[in-house]
Amino acid sequence: MKRPWLIGVLAAFVVALIAAWSFRADLAIMALKRAAQSGVTASLVDELPDGLHAAFCGTGSPLPDRTRAGPCLAVIAGERLFVFDAGEGASETLSLMGLSPGRIDAVFLTHLHSDHIDGLATLALQHWANASAQTPLRVIGPEGTTRVAAGFNEAYAIDQGYRTAHHGEQVMPPSGFGLAAEDFVMPEGAAQLVVYDSGGVRIAAFPVSHAPVANAVGYRIDYAGRSIVVSGDTARSSSLARAAQGADLLVHEALSTELNRIMQDAANSGGRENVGAIFHDILSYHSSPEDAGAAAAEAHVGALALTHFLPAPAVPGLDQVFVRAARSTYDGPVWAMRDGDVISLPAAGGLRRSHHGRF
């Protein structure tokens, strides 16, 4: 039975598709205009309620994963923005989340392993350019931080001249270029050291175990009656559990011994014994999800967020291997974080997880 009306509808549909294809460039420009307007004006800091918020700007590791930047956690305290570690891709992820590097008050480093600092130069550049900054990006970290910052500043010194020449001193003020670093030294035997205390925000560093790194630290951030603890890279550490007592949220690295063994065996069987040796060695100075859960339980924290995954859970569902292991030692909420995730701790109380950005 013929249905001429159906033929007509199909013909009209085909004509519409051809027309849309013909004007796809114009349609793309219209989409870009809308995205550019919202992207340039987006500010996650202004959208969130007063309180503490953990924004995950890098949940990956040195192993390649296009969906995860290197280690980075942004903490929003009221209207202030702090960043803890800056791995490769951190600056881009922050921007995609609506967190302008130009608004960063300070960057805190947990230690000086390359994967925790190799995004610093880009972050400093974006801090300078996004806000026509008059002063360099402030970086605070353990002994050696000033040396690292000086190296980045020298590496980008020629570029600084070009940028100012391109755009002028009003847009790219020479005084805002680069990194301004501050070292701190943890007093021997000290449980913690307050490294920032201003505007109701208190940030304390505490020692963790990450040998052969002698001065690795974690951080506790307190604001408006809420608290977040950042483990940094660490093996199971009693100092972390003490520092995290009663915190609302523990952000902890996690190395899956189960998945790491698979990677080690694959490297060895493929004739890459050097890579296999690396997978073996990292077991001694990182924490398993079970360790992270045990620390969360010992500290009686409100929730546990796993990050800096080793190896990266690139296959869907592998993140639950980490969660399952952590839940064997901790019965509170456990999440495997993704780039773009935000955990909010409003001053008024409660806890909420959301996702921001194009990931």
Side-chain angles (χ1 to χ4, degrees), residues 52 54 71 73 75 77 82-86 105-117 138-150 180-223 225-255 281-302 304-305 307-308 329-330:
L52 269 182
L73 178 76
V75 173
F82 305 94
V83 170
F84 295 82
D85 289 335
D105 285 83
V107 177
F108 294 86
L109 301 179
T110 61
H111 64 297
L112 305 179
H113 262 148
S114 57
D115 59 313
H116 290 252
I117 64 172
R138 186 182 183 190
V139 182
I140 301 169
E143 190 174 9
T145 297
T146 54
R147 181 181 173 188
V148 166
E182 306 166 31
D183 286 3
F184 61 79
V185 177
M186 187 71 61
E188 187 174 352
Q192 64 176 20
L193 175 69
V194 176
V195 293
Y196 185 95
D197 195 351
S198 178
V201 182
R202 182 180 185 272
I203 301 175
F206 55 88
V208 295
S209 176
H210 193 47
V213 179
N215 54 0
V217 300
Y219 291 97
R220 176 171 178 139
I221 307 99
D222 287 275
Y223 171 77
R226 309 308 301 267
S227 52
I228 296 172
V229 171
V230 181
S231 74
D233 279 6
T234 182
R236 181 74 184 275
S237 176
S238 59
S239 58
L240 185 150
R242 289 194 297 271
Q245 283 297 320
D248 294 290
L249 176 67
L250 173 59
V251 178
H252 204 297
E253 65 136 336
L255 183 155
D281 295 343
I282 60 177
L283 292 168
S284 66
Y285 53 87
H286 286 282
S287 296
S288 68
E290 293 91 340
D291 290 335
E298 184 179 348
H300 306 287
V301 302
L304 173 62
T307 187
H308 192 20
T329 54
Y330 173 65

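Small disclaimer: the values here were computed from a predicted structure and weren't measured.
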Next item on the list: May I ask you to decide if F82's main-chain N or O and D105's side chain share a donor-acceptor pair within less than 3.5 Å?
Entry: no
Next item on the list: Taking the side chain as every heavy atom from C-beta outward, state whether V201 and Y196 have any atom pair closer than 4.5 Å.
Entry: yes
Notebook entry, point to check: When the aromatic ring centroids of Y219 and F84 are compared, is their separation below 6.0 Å?
Noted result: yes
Notebook entry, point to check: Which distance, rounded to the nearest 0.5 Å, do you find between the OH of Y330 and the CD of E290?
Noted result: 15.5 Å
Next item on the list: Considering only NZ, NE, NH1 and NH2 on the basic side and carboxylate oxygens on the acidic side, decide whether E298 and R236 come within less than 4.0 Å.
Entry: yes
Note to self: So I228 and V251, do their side chains get closer than 4.5 Å, heavy atoms only?
What the structure shows: yes
Check: To the nearest 0.5 Å, how far apart are CG in L240 and CG in L250?
Finding: 6.0 Å
Check: Going by heavy atoms in the side chains, are V83 and F108 under 4.5 Å from each other?
Finding: no
Margin query: I need the minimum non-hydrogen distance between V194 and R202, along with the two atoms involved.
Written below: CG2-NH2, 3.1 Å
Notebook entry, point to check: According to the interplanar angle, ranging from 0 to 90°, do the rings of Y285 and H113 count as parallel (below 30°), tilted (30 to 60°) or perpendicular (above 60°)?
Noted result: tilted
Check: Are any side-chain N or O atoms of D183 and backbone N or O atoms of G144, one a donor and one an acceptor, separated by less than 3.5 Å?
Finding: yes
Next item on the list: Could you tell me which non-hydrogen atom of A204 sits nearest to which non-hydrogen atom of Q192, and how far apart they are?
Entry: CB-OE1, 3.8 Å
Next item on the list: To the nearest 0.5 angstrom, please state how far the CG atom of L283 sits from the OG atom of S288.
Entry: 9.5 Å
Check: Looking at S237 and V208, what are the two nearest heavy atoms and their distance?
Finding: OG-CA, 3.9 Å
Item checked: Heavy-atom check, side chain of L52 versus side chain of V75, under 4.5 Å -> yes
Check: Quick one: CZ on R220 to OG on S231, what's the gap to the nearest 0.5 Å?
Finding: 14.5 Å
Next item on the list: Looking only at non-hydrogen atoms, find the nearest pair between A247 and S227 and report the distance.
Entry: CA-OG, 3.1 Å
Next item on the list: Side-chain contact test, heavy atoms from C-beta onward, threshold under 4.5 Å: evaluate it for T145 versus V139 and give yes or no.
Entry: yes
Checklist line | Flag side-chain contact, heavy atom, 4.5 Å: L109 against I140 | finding: no
Note to self: F206 vs V217, test: side chain to side chain contact (heavy atoms under 4.5 Å, CB included). Steps then yes/no.
What the structure shows: CA-CA 5 Å; F206 55 88; V217 300; over 6 Å; no
Notebook entry, point to check: For H116, which residues count as a side-chain hydrogen bond (donor to acceptor under 3.5 Å, both in side chains) partner, sequence neighbours excluded?
Noted result: D85, D233, H308
Margin query: Ignoring hydrogens, what is the shortest heavy-atom contact between I117 and V148? Give both atom names and the distance.
Written below: CD1-CG1, 3.9 Å
Margin query: When you compare the side chain of I221 with that of V230, does any pair of heavy atoms fall below 4.5 Å?
Written below: yes
Item checked: Whether T110 side chain and G232 backbone form a donor-acceptor pair below 3.5 Å -> no
Item checked: Pair Q245-H300, side-chain donor/acceptor within less than 3.5 Å -> no
Checklist line | Within-4.5 Å side-chain heavy-atom neighbours: T234 and S209 | finding: yes
Note to self: Looking at every non-hydrogen atom in both residues, tell me the closest pair between A191 and P207 and how far apart they are.
What the structure shows: O-CD, 3.5 Å
